[in-house]
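Shown next, in structure tokens, is the structure this report addresses.
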Amino acid sequence: RTPADIDFIVLGTTSADMQFPSTANFVSHKLGCGRIGSVDVWAACTGSIYSLSVGAQYVQTGKYRRVLTIGAEALSRITDWTDRSTCVLLADAAGAAVLEASDDGSGLIDADLYSDAQHAELLYMPAGGARTPASHETVDARLHYVKMKGSELFKIAVRMFVESATTILERHGLKARDVDLFIPHQANLRIIEAAAKRVDLPMERVFVNIDRYGNTGAASIYVALEEAVASGRLKRGDLVLLAAFGGGVTWGAALIRW
């Protein structure tokens with residue numbers, strides 16, 4: 001594929017280059033895609049599943065032939081290096097996929113997207129938007145960095161993983177034993193292990209790379225997918241379960257037949 005083959009770009013991120021234009025707009029220009037549509041999806045770490053789902057809709061409806069979906073983060077730019085609860089976790093990365101129609105039974109089967117601002121202050125960046133514009137006071141108070149309440153978020157995150165994964169499997173009459181590989185958002189190993197146990201998936205069928213990269217936000221599932229293919233963990237015809245959660249809070253799950 002070349003940039004000229006791309007009809008639309010959807011980019012998930014938590015750390016966009018600026019408020020506007022969208023980072024997807026810059027990517028389109030730098031790739032030389034021409035005058036195509038592009039949009040950022042602001043769903044924090046769930047931006048991976050959001051971008052895949054949004055991009056797939058355009059292909060499934062026939063609106064566009066090929067959609068480039070991206071998860072990209074520069075979380076080091078919004079990390080408070082004096083806050084040990086976040087600075088040892090967050091990382092930078094990017095991954096992408098080109099979506100197009102297939103006739104061999106492979107592709108995105110289904111995706112569920114959720115959000116609930118009731119828990120927004122468990123993981124968010126307080127200042128920098130129209131609600132709390134940048135000022136000397138907000139900068140001095142270090143409000144332009146990621147803030148997280150880890151212990152409270154842990155309980156909610158596990159529940160989000162389990163509910164979204166269970167719901168999408170049940171809708172298609174599937175059980176955990178039918179899943180060849182579970183690729184969760186790489187936020188915390190304890191969360192991944194707890195969620196896998198509750199979904200009844202053994203860890204040998206769970207892809208983990210957080211020990212090497214940390215939490216790469218909206219890029220984590222894209223990076224894990226590429227590594228799973230390259231390492232032989234993911235093969236043609238496999239059923240893949242994706243699940244993610246992020247600040248806001250947002251969460252979601254997706255099923256893919258590889």
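- Note on W42: it does not cluster hydrophobically with L113, by side-chain heavy-atom contacts below 4.5 Å among ILVMFWY residues.
- Between S28 and N25, the side chains place no donor N or O within less than 3.5 Å of an acceptor N or O (distance only, hydrogens not considered).
- Residues V208 and M203 approach most closely at CG2-CE, 4.0 Å, considering heavy atoms.
- Within 6.0 Å of the NE2 atom in H29, the count of heavy atoms belonging to other residues, nucleotides or ligands does not exceed 12.
- Within the 4.5 Å cutoff, the side chain of P184 has heavy atoms near those of the V206 side chain.
- Minimum interatomic distance between P126 and L143 (heavy atoms only, all atoms of both residues): CD-O, 3.2 Å.
- Counting all heavy atoms, side chain and backbone alike, V199 lies closest to A176 at O-CB, 3.3 Å.
- Salt-bridge formation is detected for the pair R236/D104: a Lys NZ or Arg NE/NH1/NH2 atom is positioned less than 4.0 Å from an Asp or Glu carboxylate oxygen.
- Under the 4.5 Å side-chain heavy-atom criterion for Ile, Leu, Val, Met, Phe, Trp and Tyr, L189 and V88 are members of the same hydrophobic cluster.
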Passes side chain to side chain contact (heavy atoms under 4.5 Å, CB included), L242 versus I256? Steps please. CA-CA 8 Å; L242 311 178; I256 296 176; 3.7 Å; yes
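- Counting only heavy atoms from C-beta outward, the side chains of I70 and Y222 never approach each other to under 4.5 Å.
- Side-chain contact between V249 and M160: present, with at least one pair of heavy atoms (C-beta onward) separated by less than 4.5 Å.
- Residues V10 and V98 do not share a hydrophobic cluster, clusters being chains of Ile/Leu/Val/Met/Phe/Trp/Tyr side chains in contact below 4.5 Å.
- Within 6.0 Å of atom CZ in R65, 12 or fewer heavy atoms from other residues, nucleotides or ligands are found, so the atom counts as exposed in its surroundings.
- Both tests pass for R190 against the ring of F154: distance under 6.0 Å to the centre and angle within 45° of the axis.
- Evaluation of the ring pair (Phe, Tyr, Trp, His ring centres under 6.0 Å) rule for Y58 yields F8, Y64 as partners, not counting sequence neighbours.
- At a threshold of 4.5 Å between side-chain heavy atoms, the hydrophobic network of Ile, Leu, Val, Met, Phe, Trp and Tyr places V139 and M125 in two separate groups.
- Cluster annotation: I36 and V67 are assigned to distinct hydrophobic clusters (Ile/Leu/Val/Met/Phe/Trp/Tyr, side-chain heavy-atom contacts under 4.5 Å, transitive).
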Take C45 and H185 through the side chain to side chain contact (heavy atoms under 4.5 Å, CB included) test and state the conclusion after the steps. CA-CA 7 Å; C45 299; H185 165 54; 3.3 Å; yes
Can you check side chain to side chain contact (heavy atoms under 4.5 Å, CB included) on W258 and L225, steps first, answer last? CA-CA 10 Å; W258 195 253; L225 274 170; 4.0 Å; yes
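- Residue pairs meeting the side-chain hydrogen bond (donor to acceptor under 3.5 Å, both in side chains) criterion with at least one partner in residues 203-212, sequence neighbours excluded, are N209-E227, R212-E227.
- Side-chain atoms of T46 and T250 form a donor-acceptor pair, as typed in the model, at a separation below 3.5 Å.
- For the residue pair T216 and E73, no side-chain donor N or O sits within less than 3.5 Å of a side-chain acceptor on the partner.
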Stepwise side chain to side chain contact (heavy atoms under 4.5 Å, CB included) check, L153 with N188: CA-CA 11 Å; L153 186 64; N188 179 300; over 6 Å; no
From CA spacing to verdict: salt bridge (charged side-chain N to carboxylate O under 4.0 Å, His left out), R171, D112: CA-CA 11 Å; R171 183 185 305 134; D112 285 335; 2.9 Å; yes
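- Taking a 6.0 Å sphere around CG of D83, one finds it holds more than 12 heavy atoms contributed by other residues, nucleotides or ligands.
- You'll find the side chain of L174 reaches within 4.5 Å of the side chain of L239, heavy atoms only.
- Note on residues 121-146: pairs passing salt bridge (Lys or Arg N to Asp or Glu O under 4.0 Å), not counting sequence neighbours, are D80-R142.
- Aromatic rings of F161 and F245 (six-membered ring for Trp) have centroids within the 6.0 Å cut-off, being under it.
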